[in-house]
Amino acid sequence: MTIQKSMKGQRVVVLGGSGFLGSHLCERVLGDGAVRVVSVDNYITGNADNVAHLRGRPGFEELRQDITEGLSVDGPVDYVFNMASPASPIDYAKLPLETLRVGSVGTENGLKLAEAKGAVFLQASTSEVYGDPLVHPQREDYWGNVNPIGPRACYDEAKRYAEALTMVYGRSRGVKTRIVRIFNTYGPRMRLNDGRVVPAFVGQALRGEDFTVFGDGTQTRSFCYARDLIDGIVRLALSDEMEPVNIGNPREMTMIQFAEAVRAAAGGGGKIVHKPLPKDDPKQRQPDITRARQLLGWEPRVPLEEGLRETIAWFRSVAARGSTP
Ligand SMILES: NC(=O)c1ccc[n+]([C@@H]2O[C@H](COP(=O)([O-])OP(=O)(O)OC[C@H]3O[C@@H](n4cnc5c(N)ncnc54)[C@H](O)[C@@H]3O)[C@@H](O)[C@H]2O)c1
């Protein structure tokens with residue numbers, strides 16, 4: 001197989017294509033000239049509206065399928081991106097079995113599809129495979145500090161299993177596999193109530209409410225804008241790198257600093273109020289992106305202030321239309 005330089009002319013399947021990141025990926029590869037982009041989704045946490053603007057574009061198709069029940073896509077396929085999984089702590093707490101199943105059975109169905117079609121398979125993994133990390137910043141060769149029976153285990157362990165499975169299909173069955181470890185990403189099409197900190201703070205700022213910070217607010221995160229993240233994912237898919245690659249923004253900040261950044265970008269919001277820290281909440285999170293820089297020539301380009309402005313503008317436009325994302 002020749003390594004492609006872009007998605008031009010490619011036939012692409014995006015599992016979880018109606019989710020937050022999946023919909024941005026569909027849009028990006030269509031924009032790059034992919035001739036067929038099939039979004040497969042059961043809408044368990046996604047929203048069909050996320051791809052409404054793509055309907056009618058030549059080559060774009062939607063399939064309603066639960067990928068844990070089977071996965072069938074006709075015709076040739078060059079790339080399978082597996083973005084399907086509940087991803088926010090609120091979602092996977094509500095859907096623990098679905099989360100374990102999509103990470104295990106669903107991922108294997110995606111790998112089998114890629115194997116049958118001779119396609120590249122890219123697995124969306126997560127910084128959560130590092131758990132509450134004892135190494136900082138997190139490099140890909142760190143194996144993590146994960147509680148296998150805690151409340152986040154359904155997600156963290158599903159993703160760790162999915163990585164192991166992907167490597168086995170790559171090593172033993174010759175599938176061209178890629179693994180991206182995604183760190184916190186934000187942008188338009190997040191759900192306001194998905195429990196993640198970006199929509200939570202933006203919603204509070206727009207409603208003029210207090211910012212809810214868990215714990216003392218000194219725990220850190222680093223936030224990558226969706227456009228940057230998707231660019232990293234596409235570059236990884238087009239590379240021949242089988243081992244996991246971190247994609248995220250290394251600019252690390254405390255939750256207090258982040259609340260202040262949202263306040264500044266939105267021009268609103270009340271005081272900071274503290275709530276108890278959830279169990280197993282990681283204390284710090286920052287990607288080491290040396291591999292992404294060296295292997296993919298990738299690094300984030302969108303400053304937080306600009307990403308927040310675009311995200312807030314999107315939430316405002318949705319509110320103005322009277323719908324709830
Ligand atoms: N957003 C982030 O910051 C982040 C961070 C790390 C990893 N990730 C990973 O990226 C991927 C996308 O995350 P997201 O934030 O877009 O979440 P999302 O919930 O918006 O998207 C996931 C999509 O997968 C679909 N899905 C779930 N189970 C399915 C099934 N059994 N069959 C078919 N479709 C199914 C959902 O309906 C949804 O459309 C996930 O795998 C997530 O674990 C995201």
Side-chain angles (χ1 to χ4, degrees), residues 13-27 38-51 62-73 80-92 94-110 113 122-130 138 152 154-163 166 179-199 221-230 232-233 236 244-249 282 285 287 307 311 325:
V13 171
V14 181
L15 309 177
S18 289
F20 159 48
L21 293 178
S23 62
H24 284 286
L25 180 60
C26 290
E27 184 178 314
V38 185
S39 162
V40 181
D41 210 297
N42 66 350
Y43 308 104
I44 193 170
T45 56
N47 182 347
D49 288 350
N50 285 341
V51 290
E62 285 166 90
L63 286 180
R64 178 184 281 268
Q65 283 180 27
D66 178 337
I67 65 162
T68 67
E69 306 269 315
L71 174 58
S72 157
V73 178
V80 176
F81 289 88
N82 183 18
M83 312 301 288
S85 172
S88 85
I90 282 190
D91 287 342
Y92 57 75
K94 261 193 292 194
L95 301 163
L97 283 174
E98 290 83 349
T99 304
L100 281 163
R101 274 194 213 116
V102 76
S104 52
V105 182
T107 299
E108 186 150 20
N109 284 337
L113 177 73
L122 183 140
Q123 171 62 20
S125 187
T126 168
S127 55
E128 301 289 338
V129 299
Y130 301 120
Q138 291 79 55
R152 304 168 80 106
C154 61
Y155 183 67
D156 302 4
E157 296 294 5
K159 291 289 186 182
R160 287 167 70 94
Y161 176 84
E163 285 199 8
T166 302
I179 297 173
V180 57
R181 290 190 181 145
I182 302 173
F183 282 65
N184 288 38
T185 303
Y186 70 99
R189 301 191 206 127
M190 295 189 93
R191 289 186 351 255
L192 211 45
N193 60 352
D194 80 358
R196 292 188 266 198
V197 65
V198 176
R221 295 292 182 272
S222 38
F223 298 98
C224 187
Y225 192 52
R227 190 162 61 239
D228 278 337
L229 185 277
I230 296 298
I233 288 183
L236 177 59
V245 178
N246 289 338
I247 299 283
N249 192 322
R285 213 18 99 51
T311 307

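Quick caveat: nothing in here was measured; it's all calculated off a predicted structure. First listed ligand is number 1; within each ligand, the first listed atom is number 1. In this chain, residues are counted from 1 in sequence order.
For the residue pair E163 / S125, a side-chain donor-acceptor distance below 3.5 Å is found, with atom types taken as modelled. For the residue pair T68/D66, the side-chain donor-acceptor check at 3.5 Å is satisfied.
The side chain to side chain donor-acceptor pair (under 3.5 Å) check on Y130 picks up R181, N246, with sequence neighbours excluded.
Atom-to-atom distance recorded for I67:CD1 and N82:CG is 4.5 Å, nearest 0.5 angstrom.
In this structure, ligand 1 sits under 4.0 Å from heavy atoms belonging to G16, S18, G19, F20, L21, D41, N42, Y43, I44, T45, G46, Q65, D66, I67, T68, M83, A84, S85, A87, V102, A124, S125, T126, Y155, K159, I182, N184, T185, R196.
Look at R101 and E98 and you find no salt bridge, because none of the NZ, NE, NH1 or NH2 atoms lies under 4.0 Å from a carboxylate O. A salt bridge links R152 with E128; the closest basic N to acidic carboxylate O contact falls under 4.0 Å.
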